[in-house]
Amino acid sequence: MAAPKTDPATSRRARGRPRAWDDKSEQNTIKSLDRAMAVFEHLSTQSGVSLSALSEQLGESTATLYRILFTLETRGLVEFDQAQQLWHIGPGAFIVGARFLRRTSLVERARPILRSLMEETGETANLGVARADQVLFVSQVETHESIRAFFPPGTLSPLHASGIGKALLAFMDPAQCVRILAQTGRERFTEHTLCDAGLLKENLDLIRARGFSIDGEEKNLGMRCIAAPVFDHYGEAVAGVSVSGPTSRVSSDKVETLAKAVKIAAANLTAALGGETALLQAQPPT
């Protein structure tokens with residue numbers, strides 16, 4: 001008798017995860033591993049900590065913590081400084097993180113975040129990166145509204161006259177920012193374009209202080225954009241997330257609400273890329 005046929009998709013799932021995959025109950029949690037990962041994650045936030053201090057911080061016995069740390073040390077995930085008697089995150093953690101970065105795609109990671117941002121705000125969500133003295137738009141999720149902003153992937157926009165561009169300028173190395181602005185000439189597109197070096201600097205200072213930028217009809221009359229930076233694991237701004245739409249909908253009284261949603265989206269993408277920033281903290285979408 002011939003063997004029953006199996007669904008290839010089902011077969012692939014079986015090899016990748018067990019039948020109880022969707023069971024998130026405690027019975028499927030390895031408590032000792034969960035405890036070890038909690039210690040590992042906490043240690044990664046410290047610049048070096050003694051065993052006794054770690055015990056106080058986590059409420060665990062020193063004996064339990066030592067066994068966990070010793071096990072992680074054998075894998076190179078943590079290391080012990082004999083001279084200072086302090087525990088640190090180890091080089092093995094970087095190796096694992098580097099492997100994660102190799103499979104991380106900015107656009108791929110951003111798509112669900114952009115879609116959630118569009119659905120929450122009702123406006124077009126964009127992702128852009130710096131290319132020389134311009135912003136290159138690499139992804140977009142359009143609003144369902146008939147009047148909308150449209151920046152298809154591949155579109156270029158000046159850094160000084162776009163929401164994402166100013167968000168990137170505000171958080172890049174000051175010397176690099178000055179050099180780029182000196183080279184661009186700061187072309188005027190509308191009466192609202194910030195061409196004066198002093199006014200632009202004031203605007204960039206404000207962006208750094210509040211964590212988001214506004215393109216208030218600086219490139220196109222009747223259009224407003226709100227953007228926030230995305231950071232990599234070095235803490236460098238590598239991309240920007242924004243929402244854009246007509247000023248009739250993206251009105252001045254909605255800026256704070258929209259800016260909060262944009263900052264959360266940027267923080268979530270930063271976290272998805274393994275990035276860190278003290279300015280933005282990842283939060284679940286509202």
Side-chain angles (χ1 to χ4, degrees), residues 110 113-114 117-118 120-130 133-137 139-143 145 147-151 155-172 174 177 180-181 184 186-231 237-270 277 279-280 283 286:
I113 294 173
L114 292 180
L117 180 60
M118 184 278 291
E120 179 182 354
T121 63
E123 300 298 340
T124 296
N126 313 285
L127 176 70
V129 298
D133 60 350
Q134 295 182 302
V135 173
L136 172 66
F137 288 90
S139 188
Q140 182 183 74
V141 176
E142 290 185 74
T143 179
E145 300 287 345
I147 301 176
R148 67 191 76 177
F150 185 55
F151 307 109
T155 299
L156 291 168
S157 186
L159 285 171
H160 74 286
S162 69
I164 290 178
K166 290 197 297 179
L168 292 171
L169 284 171
F171 288 92
M172 69 173 51
C177 177
I180 288 176
L181 292 176
T184 61
R186 298 187 295 278
E187 180 181 353
R188 181 178 295 281
F189 296 94
T190 76
E191 59 186 291
H192 304 288
T193 307
L194 295 177
C195 300
D196 179 79
L199 292 177
L200 184 56
K201 181 181 182 303
E202 288 180 8
N203 190 239
L204 296 180
D205 290 341
L206 177 61
I207 292 167
R208 277 190 294 274
R210 67 188 180 187
F212 69 91
S213 65
I214 302 174
D215 164 9
E217 303 182 83
E218 294 162 43
K219 180 62 167 60
N220 298 291
L221 288 174
M223 301 298 295
R224 182 172 283 123
C225 173
I226 301 171
V230 174
F231 298 88
V238 293
V241 169
S242 72
V243 292
S244 50
T247 53
S248 58
R249 290 201 310 266
V250 186
S251 54
S252 298
D253 62 329
K254 292 183 179 178
V255 166
E256 289 299 326
T257 299
L258 292 173
K260 180 180 178 181
V262 171
K263 288 174 66 176
I264 290 173
N268 286 336
L269 183 52
T270 292
T277 171
L279 173 69
L280 302 173
Q283 301 179 41
T286 57

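All values below come from the heavy atoms of this structure, side chains included, with hydrogens, waters and symmetry mates left out.
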S.K.: Test your reading of the model: is there a side-chain donor-acceptor pair from T193 to the backbone of C195, 3.5 Å cut-off?
M.R.: no
S.K.: What's the separation between atom CG in L117 and atom CG in L127, rounded to the nearest 0.5 Å?
M.R.: 11.0 Å
S.K.: If you measure from CG on L194 to CG on L199, what distance do you get to the nearest 0.5 Å?
M.R.: 6.5 Å
S.K.: Under 3.5 Å, is there a donor-acceptor pair between the N126 and S242 side chains?
M.R.: yes
S.K.: Quick check against the 3.5 Å criterion: does T121 have a side-chain atom that pairs as donor or acceptor with the backbone of L258?
M.R.: no
S.K.: Which of these passes side-chain hydrogen bond (donor to acceptor under 3.5 Å, both in side chains) with E218: R188, H160, K166?
M.R.: K166
S.K.: Should V241 and I113 count as side-chain neighbours, where that means a heavy-atom distance under 4.5 Å?
M.R.: no
S.K.: Measuring from S251:OG to D253:CG, what's the distance to the nearest 0.5 Å?
M.R.: 3.5 Å
S.K.: Looking at every heavy atom in both A161 and F189, which two are closest together, and how far apart are they?
M.R.: CB-CD1, 3.9 Å
S.K.: Determine the minimum heavy-atom distance between L168 and G240, stating which atoms define it.
M.R.: CD2-N, 4.3 Å
S.K.: Indicate the atoms forming the closest heavy-atom contact of S213 with I164, along with that distance.
M.R.: OG-N, 4.5 Å
S.K.: Within this structure, what is the CG-CZ distance for the pair N203 and R208, rounded to the nearest 0.5 Å?
M.R.: 10.0 Å
S.K.: Would you check if M172 and I180 make a side-chain contact, meaning some heavy-atom pair closer than 4.5 Å?
M.R.: yes
S.K.: Grab the two heavy atoms, one from S162 and one from G165, that are nearest each other, plus how far apart they are.
M.R.: OG-N, 3.0 Å
S.K.: To the closest 0.5 Å, what do you measure between OG1 (T270) and CD1 (I264)?
M.R.: 12.5 Å
S.K.: Can you list, pair by pair, the side-chain donor-acceptor contacts under 3.5 Å of residues 219-229, counting residues two or more places apart and other chains?
M.R.:
residue	atom	partner	partner atom	Å
R224	NH1	V250	O	2.6

S.K.: Checking side chain to side chain contact (heavy atoms under 4.5 Å, CB included) between V243 and each of E123, E120, M118, which is the one that passes?
M.R.: E123
S.K.: Could you give the distance from OG1 (T155) to CD (Q134), rounded to the nearest 0.5 Å?
M.R.: 11.0 Å
S.K.: So, S157 side chain and V135 main chain: donor-acceptor pair closer than 3.5 Å or not?
M.R.: no
S.K.: Return the minimal non-hydrogen interatomic distance between A237 and F171, and the atom names on each side.
M.R.: CB-CB, 4.0 Å
